[in-house]
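Accompanying notes for the structure given below.
The structure displayed is predicted, hence computed values, not measured ones.
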Amino acid sequence: MKNLKKKITKIFKEFTVDEENLIPILQKIQAEIGYISKQGVEEIANFLRITEGQVYGVASFYSQFRFTAPGRHSIKVCLGTACHVRGSQNILEEFKRWLLIEPGETTEDKMFSLETVNCVGACALGPIVIFDNEYHGHMRIKSVDELIQKYRTEYETEREVDK
Amino acid sequence: MQNNGKIKITINNQSYDVENKLTILHATQQNDIFIPHLCFHPELSPYGGCRLCIVEVDGVKGYPTACTTQVKDGMTIRTHSKILQEMRTEILQLILSEHPSACLICDEAEECSDYQGTIRKVGFTTGCRWCPKDKDCELQKVVEYLKIDEIEFPVYYRNLPVEKKDPFFDRDYNLCIYCGRCVRICHEHRKSSIISLNNRGRYSTIGPAFNQSHLDANCEFCGACVSVCPTGTLSEKTKKWSGIPEKYNSSICSLCGLNCDIQILTKENKVIGTLPLGDPHLTGGELCVKGRFCLIELVNNPDRILEPQYQFPEGLGFITWEEAFLKASDKLKKADGNKVAVYLSPNLTLEEIVAAKQFAQQVIKTINITSSVLTNNLIPYISLAEKSISIEKIEKSESIISLFLNGNYNYAPVTLAIKRAAEKGIPYLQIGWINDTTSRFASHHLTPETGKEKEFVKEIVESFEKGKEVSPEISEVMKLFKDSSSTIILGPTILDLTEAKEILRNIEKIIKLTGSKLFVLNPYGNLPGLLSSVDLKPHQDILDKISKGKIDSLYLIGDSPFKKRPNVNFIIHQSPFPPSEKLKPDLILPTATWSEISGTYVTLTDKRKKLKAVVKTSEKVLSNSAIFAKLAKKLGKQELKFNKKELSKLIPKKLTIKLPEFNSKPKKNIVQIKTRAFPYTLIQEKNLYTYMGMYLNQLIEGLREIEPEETLIINPIDASKFDIQNGDNVMLKSHKISKKYPVVLRKTISPGFIRLITSNKTFEFETNPCPVKIRRVNV
Ligand code: SF4
Ligand code: SF4
Ligand code: SF4
Ligand code: FES
Ligand code: FES
């Protein structure tokens with residue numbers, strides 16, 4: 001926690017106390033720390049002399065900001081129009097069902113975080129899911145579980161090797 | 001065409017002269033043209049969210065919203081064309097598709113509202129007949145205006161859980177139309193910004209950051225958001241099912257010395273709520289939680305006593321008033337006046353106070369009149385208050401310094417004045433350990449070192465007197481004093497400090513040296529009225545007399561100074577509320593109170609405020625004056641008059657506070673400073689907020705949740721160091737004492753400090769502040 005505070009305080013040094021700087025600060029913190037924590041919101045509020053509510057209201061409006069620490073792997077489900085008509089909503093539901101989390105959250109074991117995006121410019125491949133930086137086109141509901149298992153086993157074997 | 005600052009515009013083919021800089025909506029309102037609107041609020045910044053107020057303007061593309069568009073010279077506006085009405089209907093249907101609206105479009109709506117009066121007290125609102133806002137809802141009115149009878153869009157129920165855990169008001173965001181009025185009033189008017197519009201689109205929510213409870217988010221429970229909500233989303237717990245008030249009566253709040261103006265909402269001879277002055281649907285934020293939500297719970301409290309009672313040898317029993325008067329007069333006839341002590345509450349009206357004084361002096365013939373609030377520390381505090389300025393002047397000062405202010409749940413007009421002033425750029429400095437609603441506006445927040453509070457103020461004095469070098473912190477204070485004419489706002493927490501008297505003495509010096517103004521916060525409703533119309537004895541003197549056996553009877557009028565029965569022969573407890581359990585008074589006489597009697601309160605600057613009788617009490621409850629009149633007659637003093645006219649003659653024209661001399665032996669105070677072994681600072685506070693001798697947080701559950709007693713209030717940062725959660729038990733240890741307490745986490749206390757509120761007469765821990773350490777108790 002102290003570490004986090006240090007990092008955030010350092011980021012503040014680049015900014016003046018002005019409400020206008022709220023979004024740039026949020027972006028910077030997200031870029032350097034990976035997410036906007038509760039403590040982060042508190043620190044920003046104190047720094048800009050506004051309330052946590054004001055910071056959170058703005059931050060939660062933009063889908064680019066996340067409030068939980070990202071997991072080891074990121075899963076992005078495209079909900080853009082093209083993917084949507086090809087049933088990406090169902091793919092998302094399937095991920096939610098397997099991972100037991102909502103978009104914007106991270107699984108309890110910190111393995112996966114789920115997000116939604118709006119069109120990644122690969123509409124022809126829709127519905128599309130981006131696992132870390134790997135694009136998986138023509139996703140089917142059946143392959144959701146397979147994908148998750150694949151990453152889980154990879155991780156397990158990695159750990160075996162480490163041992 | 002300009003003529004005396006006005007411009008010409010055309011609305012629906014008619015031309016109007018209107019002021020420049022108006023919005024189209026204002027212009028139409030001023031000329032009695034109705035445009036439907038939901039998110040508009042006359043005193044808040046325009047939001048343009050609901051889009052019902054769309055209009056057509058020649059030369060402007062699309063359909064601008066009237067509430068956000070300014071009039072321009074020569075503008076031609078249409079407000080009710082066919083296409084506009086059609087679009088409005090569609091917009092409203094869209095809003096309704098996400099709002100439980102069955103009743104709005106149901107054929108049986110009228111019959112249903114007439115015959116199904118009892119089924120509405122359910123937790124979920126599935127239609128208007130189950131909504132607390134039924135018949136008082138702005139959405140209903142717009143539906144009626146646009147004559148909507150079907151919804152073409154698929155309906156969507158958000159299925160959000162109803163939020164009921166916070167005190168005083170419930171929130172059912174399934175009914176929310178995202179008009180943002182609550183958010184804006186909290187931000188712009190109350191300047192608290194607790195709630196915000198969160199997330200986006202279908203997932204939009206309203207509330208504090210991270211879904212915290214309002215309590216955790218430092219909400220002040222001012223109720224402004226509740227007042228302005230056009231729908232049933234936000235509803236007062238106590239008023240939820242009371243329906244529409246029959247009358248709005250202006251009166252005052254009697255729960256602190258500011259005596260805020262309020263309106264009392266009544267229905268069928270019952271108080272159903274209180275609000276600040278102004279349009280009931282649009283105002284809010286001027287009162288603190290006590291004036292907004294607690295008064296109603298006081299008068300309607302189930303604990304109130306409603307019949308006279310007598311302590312028979314077999315136990316307490318109801319008696320008639322006739323019997324009660326007989327018993328009282330019998331006792332008082334035989335009593336030696338000098339051995340009777342009369343206690344008065346600072347919540348009595350001036351009229352009641354002079355009536356009691358007349359009764360005490362001429363019927364009982366005693367000089368032993370006191371009030372339990374008149375402690376030895378209060379006397380120097382209130383003597384400072386003689387120099388207090390009026391509240392309007394706070395905003396006009398050049399700088400503001402608050403000392404020991406705890407403004408989250410108290411003194412709303414003062415905290416608002418501070419926030420408004422600070423927003424205008426007036427420097428504000430806060431001294432103390434409380435992180436309240438004003439803290440965010442402070443240019444500096446100083447906390448005196450534990451045990452060195454006296455030195456802190458002394459240093460300021462000495463720097464002025466002898467030009468002594470000061471610490472950098474204090475030099476900030478000095479700068480304010482030197483550069484500007486400051487106003488010091490003094491909070492009553494100071495009364496509890498071990499060195500209160502010395503600190504107060506030094507503050508007095510500072511005021512003399514700097515010429516600063518002073519505003520003293522008085523926690524007791526009509527204390528100035530009490531002090532200026534009766535020569536009170538210090539409470540300590542009466543206590544001494546009781547313990548020496550020089551007093552054998554007590555007549556307690558709205559005051560409740562004892563937890564246990566003291567060693568006396570006879571006690572009369574005359575109050576709206578019951579005595580403490582172990583007092584065992586001989587006679588209990590129930591009285592009428594706030595909202596049931598009319599009378600006068602006085603502020604510290606001798607402003608008279610009128611309390612009004614707006615409901616009638618049951619005939620078994622009498623007013624104080626009526627009781628005195630009856631008893632005086634029984635005791636052969638029928639010539640004494642206790643009616644309103646005669647009593648007001650007894651009230652002095654000019655009221656000046658008279659304080660008793662008190663001979664306090666100067667004693668050496670022991671203070672302790674913080675050490676490594678005891679790294680936290682415990683602040684003990686006497687529970688100050690009372691009404692007729694009752695502790696408000698003991699009577700009112702919501703207030704108890706906010707400010708619990710015998711519970712450690714600690715900052716979440718400190719709690720996380722010990723892995724302490726709300727409700728855990730913690731061992732608190734000082735040099736001399738250790739004791740176990742439950743804990744609540746609140747951001748209102750600064751890290752490093754711990755608050756402990758008590759209604760005991762003495763503090764548990766040896767000094768105040770007291771250096772302590774904490775340890776979690778494992779269960
Ligand atoms: S009660 Fe007052 S402080 Fe709390 S959210 Fe509503 S307006 Fe804001
Ligand atoms: S809670 Fe009420 S005031 Fe607030 S946005 Fe919803 S409908 Fe409007
Ligand atoms: S500030 Fe005082 S007078 Fe005003 S509402 Fe609160 S308790 Fe009542
Ligand atoms: S809509 Fe999914 S990639 Fe374009
Ligand atoms: S009143 Fe104008 S948009 Fe709501």
Measure the [atom1]-[atom2] distance between [X] and [Y] for me, rounded to the nearest 0.5 Å.
| X | Y | atom1 | atom2 | value |
| --- | --- | --- | --- | --- |
| B/Ile195 | A/Thr51 | CD1 | OG1 | 10.0 Å |
| B/Ser443 | A/Arg49 | OG | CZ | 7.0 Å |
| A/Phe61 | B/Leu197 | CZ | CG | 8.5 Å |

Between [X] and chain A, which part of the residue has a heavy atom less than 4.5 Å away: side chain, backbone, both or neither?
| X | value |
| --- | --- |
| B/Thr205 | neither |
| B/Ile194 | backbone |
| B/Tyr203 | neither |

ask   = Excluding sequence neighbours, so at least two apart, what forms salt bridge (charged side-chain N to carboxylate O under 4.0 Å, His left out) with A/Glu105?
value =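 With neighbours one apart ignored, the set is empty.
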request  = Under the salt bridge (charged side-chain N to carboxylate O under 4.0 Å, His left out) rule, collect the residues that match up with B/Lys721, sequence neighbours excluded.
outcome  =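 Counting only residues at least two positions away or on another chain, B/Lys721 forms a salt bridge (charged side-chain N to carboxylate O under 4.0 Å, His left out) with B/Asp718.
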How about [atom1] on [X], more than 12 heavy atoms from neighbouring residues, nucleotides or ligands closer than 6.0 Å, or not?
| X | atom1 | result |
| --- | --- | --- |
| A/Glu20 | CD | no |
| A/Asn90 | CG | yes |
| A/Asp132 | CG | yes |
| B/Lys424 | NZ | yes |
| B/Lys479 | NZ | no |

ask   = Which pair of heavy atoms, one from A/Gly57 and one from B/Asn198, lies closest together, and at what distance?
value =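 Shortest heavy-atom contact: CA-OD1, 3.2 Å.
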key: Where A/Glu42 and B/Ile717 come nearest, the two heavy atoms and their spacing   =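 Heavy atoms only, the tightest pair is OE2-CD1, 4.4 Å.
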request  = Take B/Ser196 and A/Gln54, measure what side-chain contact (heavy atoms from CB on, under 4.5 Å) needs, and give me the verdict at the end.
outcome  = CA-CA 6 Å; B/Ser196 50; A/Gln54 285 169 289; 5.8 Å; no
ask   = Parallel under 30°, tilted from 30 to 60°, perpendicular over 60°: which one fits the rings of B/Phe210 and A/Phe67?
value =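 Aromatic pair B/Phe210/A/Phe67 classed perpendicular.
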